[in-house]
Visitor: 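Just dropping this structure here.
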Amino acid sequence: MRSSRLFAPTLREVPSDVEMTSHALLLRAGFIRQMGAGVYEFLPLGWRVLNKVSDIIRDEMDKSGAQELLLSAIQPEELWAESGREGPMSDVLIGFQDRRGTKYYLGPTHEEIITDLVRKNVRSYRDLPLNLYQIQMKYRDEPRPRGGLVRCREFLMKDAYSFDRDEAALDTVYNRMYEAYVNVFKRCGMDITAVDASGGAIGGKETKEFMLLTDAGEDSVLMCPKCGYAANQEIADFRLVDASTGDEKKQMARVDTPGAHTVDEVCGFLKAKPNQLIKTLILMADDKPVAALVRGDRDLNEGRFRVLLGASKLEMATPEQIAACTGGPIGFSGPVGLKVPLYADEETLGMVNFIVGANEGDAHLVDVNWCDVAGKVTSARLRFAVSGDLCEKCDEPFEEKRGMEMGHIFKLKYAISEPLNAVYTDEDGSEKLIIMGCYGIGVSRIVAGVAEVSNDDNGLIWPVSIAPYQVQLICANVTDETQLALAERVYETLVQAGVEVLYDDRNDRAGVKFKDADLIGTPIQVVVGKLAAEGKAEIRTRVDKTAEPVAEADILANVQARVGG
RNA sequence: CGGGGUGUAGCGCAGUUUGGUUAGCGCGCGUGUUUUGGGAACACGAGGUCGCCGGUUCGAAUCCGGCCACCCCGACCA
């Protein structure tokens, strides 16, 4: 491809509303353009990278025994109603009606569609196992798209779904997918950490997320430096340390705390530390109020709490709902005399003489002890693990890192097949539910991820495997006939040999072309310049700018060696 | 959905506080000349419904009201 013909508008300056490195570089280098919030167009360079990633995924998926197909992006609403996920996922569903008034959603994921396909076409155990995948745009009305390709409303995903007879067969395919994923990310040049994760709205415990560790990531990952345990903060387990001081219990007292409704304000007012306070969070679990009690400096893990309650919906109560069940305004709730079910984080049980809200405006209770709290208190782990908490297996303090989720595999089991009644006839003639797994990779997010971690001040740095072109050939001065003639010959030679080469034949100053080449990030650069008079070109890499003079006859072999390595 | 911010040429910005000639600057773009190894110089030139709608006014990029879009933080996030 000749740069003079390539549609790759590069920018010198970063558009003002861009913050994330990968976003800025992909825009500047002419890989993507924005259509709207979380909606991007892939320009030729971006599209090439996306396809390189897709091809690697295809190769690994096919090797693992999965079969590619293409499902409909338009999904009938009734399937979502049937699976019971229309409600839980209503926030992100983008819907429309056809001319007859039938409702549809643009596919945010394809469990319903594929399970419907399979239940209509699979009858017998002889038809199993099946592992089907596709690479297709997904549509989710994300509450907050961000970071360019990191979180989009329209994004490219590889999604695979396995269908098996029993758990043992599911385990087999799950493990095979794990291996395939490891291979995919390795081939894309990414250093990925697999972590224990939460099944999210679907549920399920056996699930792994494939995280790219980067400060730009949206997730928190807790890692044990000793045993290698790694988990998403949402589900990370840790050892409870008994922090009870053995202080003598004092007499509870009511104090005025005008205007102090946040933990910081109360602490400032009472000259206390956040860990001496227990905050009482009122939540609505399937529309019934419950109270969660956690130490003032901790955060409630709502996902864990929801699972504990067995609730399908859990959300923070509104000020009105809080007033209705506590009798006080938001910010002054407390467990003493509270008439809603109380759930206390296990860490709070060892506390004495703590501070809580008084369930009335502008007042708190101090020197409270658990004996003051009438009523049943359920103790459970309700808070997130944080940096410094101890690994449950080896008592080593966790390190906390940011991660960007690139892939997710998990065992759906019967979560979808049961409501959709996807069954098969087993050997003994009995009808059984198909057991399922699902496996996703954010293809477009991989592009963002690699761009995020692989760059320098001059631009992107692509690994050979997914670079838009393997080689960038630069003719330093196209008005120099010797240079131009040599560059043209080198271009022909490389193209004929099947090397993917972007040939900068523009009539610009050399500096412009060097800058663009670095920005685009092609891993190998071949410069035809002053040495053309001697019949030589310079070959260098994007990372190591040490130029190696190479005679014309040896250029192809040199390039091929670099591409291969 | 809550909080904060921004909308003026393809990109980056000034001008808005205090309304007043023909709305500026840099980059980029076009033509020409000179240049040609790390984003060249000079000359000439093109390019704008000042986010949209309404209002106030003799007069609105500027003041007022409403709306929209985008970004960031939070909530949310198979």
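Chain naming here is simple, since letters A, B, ... match the order of the sequence lines and numbering starts at 1 in each.
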Visitor: Can A:Lys401 and A:Asp215 be counted as an ion pair, charged N to O under 4.0 angstrom?
Guide: no
Visitor: With a non-hydrogen cut-off below 4.0 angstrom, is A:Pro15 in contact with a base, only sugar-phosphate, or nothing?
Guide: sugar-phosphate
Visitor: Mapping A:Met157 and A:Asp518 onto RNA chain B by nearest heavy atom, which one lands closer to the 5' end?
Guide: A:Asp518
Visitor: Which residue lies toward the 5' end of RNA chain B, A:Arg28 or A:Arg146, if each is placed at its nearest nucleotide?
Guide: A:Arg28
Visitor: Looking only at atom C1', what distance separates B:U56 and B:U62, rounded to whole Å?
Guide: 13 Å
Visitor: Could you work out the separation of B:G7 and B:U49 based on their C1' atoms and round it to a whole Å?
Guide: 15 Å
Visitor: Partner of B:A43 by Watson-Crick or G-U wobble geometry, both contacts under 3.5 Å, or none?
Guide: B:U31
Visitor: Would you mind classifying the nucleic acid contact of A:Asn458 as base, sugar-phosphate or nothing, using non-hydrogen atoms under 4.0 angstrom?
Guide: nothing
Visitor: Does the protein touch nucleotides 25-37 of chain B at the base, only the backbone, or not at all? Give it as B, S and - per nucleotide, heavy atoms under 4.0 Å.
Guide: -BSS------BBB
Visitor: Sticking with atom P, work out how far B:A75 lies from B:G59, rounded to a whole angstrom.
Guide: 50 Å
Visitor: Tell me the interatomic distance from A:Asp141, atom CG, to B:A78, atom C1', rounded to whole angstroms.
Guide: 16 Å
Visitor: For the side chain of A:Glu19, counting heavy atoms from C-beta on, which of B:A78, B:G74, B:C71 is nearest?
Guide: B:C71
Visitor: Taking the same atom, C1', in B:A46 and in B:C64, what whole-Å distance lies between them?
Guide: 37 Å
Visitor: What is the base-pairing partner of B:C77, counting Watson-Crick and G-U wobble geometry with both distances under 3.5 Å?
Guide: none
Visitor: Rounded to whole angstroms, how far apart are CZ on A:Arg33 and P on B:C70?
Guide: 18 Å
Visitor: Can you see if the side chain of A:Ser16 gets near the phosphate of B:C11 - specifically, an N or O under 4.0 Å from OP1 or OP2?
Guide: no
Visitor: For A:Lys411 and A:Asp171, what are the C-alpha separation, side-chain angles and deciding distance, and is it a salt bridge (Lys or Arg N to Asp or Glu O under 4.0 Å)?
Guide: CA-CA 8 Å; A:Lys411 299 178 182 176; A:Asp171 290 346; 2.6 Å; yes
Visitor: Of the listed nucleotides (B:A78, B:C70, B:G39), which one gets closest to any side-chain atom of A:Phe410?
Guide: B:A78
Visitor: Distance between the P atoms of B:A60 and B:U21, in whole angstroms?
Guide: 12 Å
Visitor: Which whole-number value in Å describes the distance from A:Arg140 CZ to B:A78 P?
Guide: 8 Å
Visitor: Identify the nucleotide, in any strand shown, that forms a Watson-Crick or G-U wobble pair with B:C67, with both distances under 3.5 Å; if there is none, say none.
Guide: B:G51
Visitor: What distance, rounded to whole Å, do you find between the two C1' atoms, one in B:A41 and one in B:U36?
Guide: 12 Å
Visitor: Looking only at atom C1', what distance separates B:G47 and B:G10, rounded to whole Å?
Guide: 10 Å
Visitor: Within 45° of the six-membered ring axis of A:Phe155 and under 6.0 Å from that ring's centre, is NZ or CZ of A:Lys138 located there?
Guide: no
Visitor: Are the charged groups of A:Lys515 and A:Asp518 less than 4.0 angstrom apart, N to O?
Guide: no
Visitor: Measure the distance from CD on A:Glu302 to P on B:G74 and round it to the nearest whole Å.
Guide: 15 Å
Visitor: What verdict does the side-chain contact (heavy atoms from CB on, under 4.5 Å) test give for A:Arg540 and A:Val527, after you've listed the backbone C-alpha separation in whole Å, the side-chain angles of each residue and the deciding distance to 0.1 Å?
Guide: CA-CA 8 Å; A:Arg540 62 193 190 188; A:Val527 181; 4.0 Å; yes
Visitor: Consider only side-chain N and O atoms of A:Asn477 and A:Gln483, and report whether a donor and an acceptor are under 3.5 Å apart.
Guide: no
Visitor: I'd like to know if A:Arg151 reaches the base of B:C77 with its side chain, counting only an N/O donor and acceptor under 3.5 Å.
Guide: yes
Visitor: Between the side chain of A:Asp504 and the main-chain N/O of A:Arg506, is any donor-acceptor distance below 3.5 Å?
Guide: yes
Visitor: Any chance the side chains of A:Tyr503 and A:Ser3 put a donor and an acceptor closer than 3.5 Å?
Guide: no
Visitor: Give a yes or no on whether the ring-centroid distance for A:Phe31 and A:Phe42 is below 6.0 angstrom.
Guide: no
Visitor: Does a side-chain N-to-carboxylate-O contact under 4.0 Å join A:Glu112 and A:Arg85?
Guide: yes
Visitor: Could you identify the nucleotide paired to B:A14, looking across every strand shown and requiring Watson-Crick or G-U wobble geometry with both distances under 3.5 Å?
Guide: none
Visitor: Quickly work out the A:His408 NE2 to B:A78 C1' distance and round it to whole Å.
Guide: 7 Å
Visitor: Calculate the interatomic distance between A:Glu405 atom CD and B:A78 atom P; express it in whole Å.
Guide: 9 Å
Visitor: Check the distance between B:G12's C1' and A:Leu27's CG and give it to me in whole angstrom.
Guide: 14 Å
Visitor: When all nucleic acid strands are considered with a 4.0 Å heavy-atom cut-off, which category describes A:Val14: base, sugar-phosphate, or nothing?
Guide: sugar-phosphate
Visitor: Please measure how far the C1' atom in B:U6 lies from the corresponding atom in B:C13, and state the result in whole Å.
Guide: 13 Å
Visitor: In whole angstrom, what separates A:Lys515's NZ from B:A40's P?
Guide: 10 Å
Visitor: Which part of the nucleic acid, if any, lies within contact of A:Gln34, taking any heavy atom under 4.0 Å across all strands shown: a base, the sugar-phosphate backbone alone, or nothing?
Guide: sugar-phosphate
Visitor: Compare the minimum distances between each of B:C72, B:A78, B:C70 and the side chain of A:Ala37, then state the nucleotide with the smallest one.
Guide: B:C70
Visitor: Pick base, sugar-phosphate or nothing for A:Gly303, based on heavy-atom distances below 4.0 Å to the nucleic acid.
Guide: nothing
Visitor: Let's see if you can work this out: which of B:A78, B:C71, B:C11 has an atom nearest to the side-chain heavy atoms of A:Met89?
Guide: B:A78
